[in-house]
Amino acid sequence: MYYVNREQIERRLHTIPDIVVGLQTVIEEWDEGLILGFVQERTLHLAIEVVTDIGSYLIDGFIMRDASSYEDILDITHEEKVFNSTIHASLVQLVQLRKPLVQTYYEWDRTSLHPLTSVLPTILNEFASSVRGYLDQELGAVRS
């Protein structure tokens, strides 16, 4: 029997709408300024943390093979059919931003709209739906 911490996964999934609002605000109001540059930077960082945290909970809970990197977390969950190839490709691009955002942040260009910013709202919502669908398929729907 698996122990999948659905509560912790849901807590993280519930942050996705706020991240999406942040990304959409950046897209709609982009002015190449510092404040929206920081908003974009933080929402991208939060998106990375959310998808990798959820992936780690799924890997641990379903006793999938151990991940060796952030990209591997996504590869494993994709191989296990948690989400489709389109979502996988975008999320791999996303997690590749972790090092620039967290370690070499002083080099990050805050005056440009990053290409992922415009596609992530849709991808993150599809990711959330896919994760919930996978959990329901594997563990049964949550009863109210």
Side-chain angles (χ1 to χ4, degrees), residues 3-139 141-142 144:
Y3 174 70
V4 179
N5 195 333
R6 285 180 99 158
E7 178 186 344
Q8 289 302 316
I9 292 171
E10 266 310 314
R11 289 181 78 176
R12 283 151 181 82
L13 288 171
H14 278 106
T15 66
I16 288 177
D18 291 339
I19 294 168
V20 167
V21 167
L23 292 167
Q24 289 172 330
T25 300
V26 167
I27 294 163
E28 293 166 8
E29 299 179 18
W30 187 249
D31 61 1
E32 299 179 6
L34 183 62
I35 301 303
L36 286 178
F38 278 140
V39 172
Q40 174 182 232
E41 193 173 345
R42 181 62 177 154
T43 53
L44 289 171
H45 182 205
L46 287 173
I48 293 164
E49 298 306 316
V50 165
V51 300
T52 56
D53 283 355
I54 290 168
S56 292
Y57 276 110
L58 292 170
I59 288 168
D60 291 346
F62 286 106
I63 314 169
M64 299 173 186
R65 73 173 172 85
D66 288 339
S68 61
S69 66
Y70 290 102
E71 290 92 346
D72 203 25
I73 291 170
L74 298 172
D75 292 346
I76 293 165
T77 50
H78 175 251
E79 289 164 8
E80 294 290 334
K81 308 214 182 322
V82 175
F83 44 81
N84 67 36
S85 295
T86 302
I87 294 170
H88 176 253
S90 293
L91 294 182
V92 168
Q93 289 176 27
L94 175 66
V95 298
Q96 290 171 344
L97 295 179
R98 191 172 193 284
K99 183 175 181 178
L101 288 169
V102 176
Q103 295 178 8
T104 57
Y105 53 86
Y106 47 85
E107 295 175 355
W108 184 263
D109 180 9
R110 293 181 184 92
T111 63
S112 296
L113 195 60
H114 193 280
L116 278 176
T117 300
S118 60
V119 299
L120 275 177
T122 300
I123 293 295
L124 291 172
N125 285 325
E126 290 174 358
F127 170 78
S129 294
S130 295
V131 168
R132 287 182 176 118
Y134 181 83
L135 290 170
D136 288 348
Q137 172 189 313
E138 296 298 318
L139 302 174
V142 177
S144 302

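- Of the possible polar contacts, none joining the Asp72 side chain to the Asp75 backbone as a donor-acceptor pair under 3.5 Å is found.
- Taking a 6.0 Å sphere around CZ of Arg65, one finds it holds more than 12 heavy atoms contributed by other residues, nucleotides or ligands.
- Sparse packing is recorded around CG of Asp66, with 12 or fewer heavy atoms of other residues, nucleotides or ligands lying under 6.0 Å away.
- Of all the heavy atoms in Ser112 and Asp109, the pair that sits closest is OG-OD2, 2.6 Å.
- With sequence neighbours left out, the ring-ring contact (aromatic ring centres under 6.0 Å, His included) criterion links His45 to no other residue.
- In this structure, the separation between CD on Gln24 and OG1 on Thr122 is 8.0 Å, given to the nearest 0.5 Å.
- To the nearest 0.5 Å, the span separating CZ on Arg11 from NE2 on His14 amounts to 11.0 Å.
- Rounded to the nearest 0.5 angstrom, Ile48 CD1 and Leu101 CG are separated by 5.0 Å.
- In this structure a side-chain-to-backbone donor-acceptor pair under 3.5 Å is present from Ser129 to Asn125.
- Looking at every heavy atom in both residues, Trp30 comes nearest to Gln40 through CH2-NE2, 3.9 Å.
- For the atom pair CG (Leu13) and OG1 (Thr15), the distance works out to 7.5 Å, reported to the nearest 0.5 Å.
- Shown here for Leu36 and Glu29, the closest heavy-atom pair between the two residues is CD1-O, 2.8 Å.
- The shortest distance between side-chain heavy atoms of Pro100 and Glu107 does not fall below 4.5 Å.
- Salt bridge present: Glu10 and Arg132 bring a charged side-chain N and a carboxylate O closer than 4.0 Å.
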Practice problem: Begin from the C-alpha positions of Asn84 and Ile87 and carry the test side-chain contact (heavy atoms from CB on, under 4.5 Å) through to its verdict. | Solution: CA-CA 6 Å; Asn84 67 36; Ile87 294 170; 3.4 Å; yes
Exercise. For side-chain contact (heavy atoms from CB on, under 4.5 Å), just list the numbers for Val51 and Ile54, CA-CA rounded to whole Å, side-chain angles, deciding distance to a tenth of an Å, and then say yes or no.
Key: CA-CA 5 Å; Val51 300; Ile54 290 168; 5.9 Å; no
Quiz item: Between Leu97 and Trp108, is a side-chain contact (heavy atoms from CB on, under 4.5 Å) present by the stated rule, with each step listed?
Solution: CA-CA 10 Å; Leu97 295 179; Trp108 184 263; 4.1 Å; yes
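- Gln96 contributes atom CD, which lies 13.5 Å from atom CZ of Arg98 (distance to the nearest 0.5 angstrom).
- Across every non-hydrogen atom of Val82 and Ser130, the tightest pair is O-CB, 3.3 Å.
- Residues Ala67 and Ile59 share a closest heavy-atom pair of CB-CD1, 4.2 Å.
- In this structure, Thr86 OG1 and Glu126 CD are separated by 7.5 Å, a value rounded to the nearest 0.5 Å.
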Practice problem: Give the intermediate values and the outcome of salt bridge (charged side-chain N to carboxylate O under 4.0 Å, His left out) for residues Glu49 and Arg12. | Solution: CA-CA 9 Å; Glu49 298 306 316; Arg12 283 151 181 82; over 6 Å; no
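- Here the rule is ring pair (Phe, Tyr, Trp, His ring centres under 6.0 Å) with Tyr134, and of Tyr57, Phe62, Phe127 only Phe62 fits it.
- By the side-chain contact (heavy atoms from CB on, under 4.5 Å) test, Asp18 pairs with no residue at all, sequence neighbours left out.
- Residues Leu135 and Leu58 meet the side-chain proximity criterion, which asks for heavy atoms closer than 4.5 Å.
- When atom types are taken as modelled, the side chain of Ser118 and the backbone of Pro115 share a donor-acceptor pair closer than 3.5 angstrom.
- Taking each heavy atom of His114 and Leu44 in turn, the nearest pair found is CB-CD1, 4.3 Å.
- Taking 4.5 Å as the limit, every side-chain heavy atom of Thr25 sits out of range of all side-chain heavy atoms of Val39.
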Quiz item: For Leu23 and Leu124, what are the C-alpha separation, side-chain angles and deciding distance, and is it a side-chain contact (heavy atoms from CB on, under 4.5 Å)?
Solution: CA-CA 11 Å; Leu23 292 167; Leu124 291 172; 4.0 Å; yes
